[in-house]
Amino acid sequence: MSHSLRIPDLSIPTRPESAAGQPTGVGPGDAGDPAVNAVDVIRVEGGARLAGTVHVVGAKNSALKLMAAALLAPGQSMITNVPRITDIAIMGEVLRRLGCDVRFDTDDPVDPMVAGGGVARSRSVVIDVPEEPGVEADYDLVRRLRASICVLGPLLARRGHVRVAHPGGDAIGSRGLDMHIAGLTRMGAEISGEHGFVIAAAPAGLHGAEIMLDFPSVGATENLVMAAVLARGETVIDNAAREPEIVDICSMLIRMGARISGEGTSTLHIEGVPALTPVRHATVGDRIVAGTWAFGAAMTRGDVTVTGADPAFLEVALDKLVTGGALVETRPDAFRVRVDERPTAVDVVTLPYPGFATDLLPMAIGLAAVSDGASLITENIFDGRFMFANEMMRLGADIKTDGHHAVVRGRERLSGAPVRATDIRAGAGLIIAGLCADGVTEVSHVHHVDRGYPDFVADLRALGVEVERGRTTEEPALEI
Ligand code: EPU
């Protein structure tokens with residue numbers, strides 16, 4: 001165990017908006033932050049209209065798991081179109097601690113930012129996996145990146161035993177692991193919990209099993225697929241998650257030699273193979289970042305073209321925007337959202353894919369807050385997603401929550417105020433809501449936004465917004 005290891009600064013040093021010499025991407029309260037009371041803030045002036053083109057790179061929630069999937073084959077894998085965000089840097093560190101050599105390289109210059117002389121939003125990552133990767137992922141990294149739990153399945157399959165720190169809950173709610181554990185147990189693993197770790201062992205190797213998930217959990221589906229590809233015999237996962245990121249992971253695994261069918265449906269069949277080989281794979285475009293800009297266009301009565309993500313993966317979300325009055329044009333790898341009038345209120349219910357994505361809930365609330373009429377917003381995935389509603393209320397939004405429902409009565413205009421980002425998506429939603437407010441909105445703790453959006457400020461500028469990023473000091477702790 002290595003609890004006493006000092007956490008390296010995993011900030012992304014070339015982000016141009018950070019104050020000189022100050023690390024970004026790691027927030028106060030996170031271990032390793034040298035300036036404990038300093039927080040990154042983004043300031044926007046209200047009354048802006050998003051207009052122009054924005055390019056979206058690979059999906060965070062795919063790339064993180066593609067990196068974990070590389071653990072399944074000794075040798076050198078390469079993943080391209082990987083977003084330049086803090087979470088990916090942390091995953092790189094998780095893999096290094098497992099004995100992998102991890103190198104980030106400049107990606108193909110598909111990103112228009114590069115052509116314009118800016119900082120690339122995507123990179124490729126080359127991962128050299130040893131014959132025997134390590135078997136422990138510590139809390140100091142797992143608590144900063146819950147997705148680290150996705151090394152559980154691959155390491156158990158490769159090494160037959162593993163200890164991964166339990167990630168615990170976070171600002172969007174409790175994050176259970178029972179389905180991961182029940183599925184792996186059916187595949188022959190013995191799993192226990194001790195001192196905050198999930199400890200799994202399968203001394204005789206994993207075997208195929210019939211697994212019915214209680215809920216189409218993204219993380220459980222991924223862990224079980226990555227364990228099943230090297231298990232003896234056939235695994236069938238019913239009620240599996242169908243997200244495009246799951247399809248992306250399956251397609252990389254299939255190219256590594258895995259035998260998987262049914263990806264993108266609720267039933268996955270996986271025939272275990274003795275070994276896999278490393279490959280090069282390009283990450284699917286980020287539908288949540290793309291959806292963020294789609295809602296941003298609607299909220300600000302703007303005109304935004306988004307390239308790099310398949311609009312088919314946002315069908316329900318774009319359909320909501322059309323119902324609210326937006327004009328939406330789609331092409332295979334791009335779409336345009338234009339809104340000329342104040343949007344009309346629409347109801348939204350979040351559901352597993354292909355339903356409305358929970359990660360776009362803050363944007364749906366933001367849109368409802370400035371729409372004409374009342375919207376009923378229902379969250380079915382995370383019990384804490386509405387926590388950020390209090391911050392939206394500071395901007396004057398009229399929101400009443402009751403359990404997993406919120407009634408939002410639209411206002412012509414919000415009112416600029418200092419607010420705090422509580423998670424990745426809430427942060428992005430608050431910044432965009434600030435564009436619809438009178439005066440200045442300052443969103444603090446935007447290191448959360450850096451976890452999921454490669455260069456939010458540069459994208460806002462490219463879309464015509466006056467925005468600045470800086471550092472501010474929180475109230476010093478009182479001596480008692
Ligand atoms: N759940 C359990 N037990 C389990 C697994 C899940 O109770 O064994 C519960 C969770 O507590 C949660 C719900 O089921 O309430 C959904 O969890 P799921 O496993 O589907 O989500 P996840 O894998 O933890 C991923 C994304 C999230 C995204 C959700 C839903 C990554 C790294 N994270 O989380 O993305 O919201 O799927 O689509 O892939 C984000 O990017 O900001 C983010 C939170």
Side-chain angles (χ1 to χ4, degrees), residues 2 5 8 10 58 60-83 87-105 107 122-138 140-142 145 147-165 180 184 187 189 198 200-202 205-206 219 222-232 245-246 248-260 270 272-284:
S2 44
L5 275 179
L10 300 174
K60 164 178 86 76
N61 290 346
S62 201
L64 289 170
K65 325 304 170 60
L66 297 171
M67 289 171 74
L71 287 168
L72 286 161
Q76 200 176 84
S77 287
M78 182 179 191
I79 302 156
T80 61
N81 200 27
V82 172
D87 276 13
I88 292 288
I90 300 174
M91 189 52 139
E93 193 55 28
V94 170
L95 295 183
R96 281 189 194 110
R97 296 250 195 114
L98 293 169
C100 302
D101 185 41
V102 180
R103 206 177 65 240
F104 290 97
D105 280 343
D107 221 345
S122 71
R123 295 181 290 181
S124 40
V125 55
V126 177
I127 304 164
D128 224 317
V129 179
E131 281 299 330
E132 291 212 333
V135 288
E136 185 159 312
D138 276 331
D140 60 350
L141 288 174
V142 174
L145 178 66
S148 313
I149 196 69
C150 68
V151 302
L152 182 67
L155 289 178
L156 187 59
R158 281 286 311 281
R159 295 294 317 276
H161 62 114
V162 57
R163 288 165 55 92
V164 181
H180 302 238
L184 291 172
M187 293 170 73
V198 178
L206 294 170
E222 290 162 345
N223 249 330
L224 296 175
V225 169
M226 289 194 277
V229 287
L230 289 180
R232 277 188 322 277
E245 295 77 28
I246 306 259
D248 199 27
I249 295 154
C250 288
S251 83
M252 171 162 157
L253 292 171
I254 289 168
R255 292 180 46 241
M256 290 168 81
R259 295 179 59 194
I260 304 173
I270 303 134
V273 295
L276 297 174
T277 49
V279 288
R280 180 187 161 124
H281 183 86
T283 314
V284 69

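- Put simply, CE on Met226 and CG on Leu276 are 12.0 Å apart, with the number rounded to the nearest 0.5 Å.
- A donor-acceptor pair under 3.5 Å is absent between the side-chain atoms of Arg280 and the main chain of Thr80, judged by distance alone.
- What you find for Ala69 and Met256 is that their closest heavy atoms are O-CE, 3.5 Å.
- When all heavy atoms are compared, the tightest approach of Ile88 to Pro83 is CG1-O, 3.5 Å.
- Here the straight-line distance linking atom CD1 of Ile260 with atom CE of Met252 works out to 11.0 Å at 0.5 Å rounding.
- Here NZ of Lys65 is found 6.0 Å from SG of Cys150. Values are rounded to the nearest 0.5 Å.
- Arg259 pairs by the salt bridge (Lys or Arg N to Asp or Glu O under 4.0 Å) definition with nothing, not counting sequence neighbours.
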Residues Arg163, Val135; criterion side chain to side chain contact (heavy atoms under 4.5 Å, CB included); working and verdict: CA-CA 6 Å; Arg163 288 165 55 92; Val135 288; over 6 Å; no
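- Residues Pro74 and Pro130 have side chains not in contact (no heavy-atom distance under 4.5 Å, counting atoms from C-beta outward).
- Looking at Asp105, its side chain never comes within 3.5 Å of a backbone N or O of Val126 through a donor-acceptor pair.
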For residues 153-161, which side-chain donor-acceptor pairs fall under 3.5 Å, sequence neighbours excluded?
from	atom 1	to	atom 2	distance (Å)
Arg158	NH1	Leu71	O	2.7
Arg158	NH2	Glu131	O	2.4
Arg159	NH1	Pro133	O	2.4

Stepwise side chain to side chain contact (heavy atoms under 4.5 Å, CB included) test for His281 and Arg255: CA-CA 9 Å; His281 183 86; Arg255 292 180 46 241; 3.1 Å; yes
Show your reasoning for whether side chain to side chain contact (heavy atoms under 4.5 Å, CB included) applies to Val82 and Met91. CA-CA 12 Å; Val82 172; Met91 189 52 139; over 6 Å; no
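- Here the shortest heavy-atom pairing between Ala165 and Asp138 reads CB-C, 3.8 Å.
- Here side-chain hydrogen bond (donor to acceptor under 3.5 Å, both in side chains) pairs that include residues 67-78, with residues two or more places apart or in two chains, are Gln76-Asp128.
- Judged purely by atom type and a 3.5 angstrom limit, Asp248 has no side-chain atom pairing as donor or acceptor with the backbone of Ser62.
- Counting all heavy atoms, side chain and backbone alike, Leu72 lies closest to Leu253 at CD1-CD2, 3.6 Å.
- Distance check, rounded to the nearest 0.5 Å: CD1 of Ile270 to CD1 of Ile254 gives 10.0 Å.
- Rounded to the nearest 0.5 Å, atoms CG (Leu98) and CZ (Arg96) are 12.0 Å apart.
- Glu222 contributes atom CD, which lies 9.0 Å from atom SG of Cys250 (distance to the nearest 0.5 angstrom).
- Nearest heavy-atom pair across Ala70 and Ile127 is CB-CD1, 4.0 Å.
- With Asn81 contributing its side chain and Thr283 its backbone, the two residues share a donor-acceptor pair below 3.5 Å.
- Looking at every heavy atom in both residues, Leu152 comes nearest to Ala200 through CD1-CB, 4.3 Å.
- Among Val164, Ile90, Val151, Val198, the one residue that satisfies the side-chain contact (heavy atoms from CB on, under 4.5 Å) test with Val142 is Val164.
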Given Val225 and Ile249, is the side chain to side chain contact (heavy atoms under 4.5 Å, CB included) satisfied, shown in steps? CA-CA 9 Å; Val225 169; Ile249 295 154; 5.6 Å; no
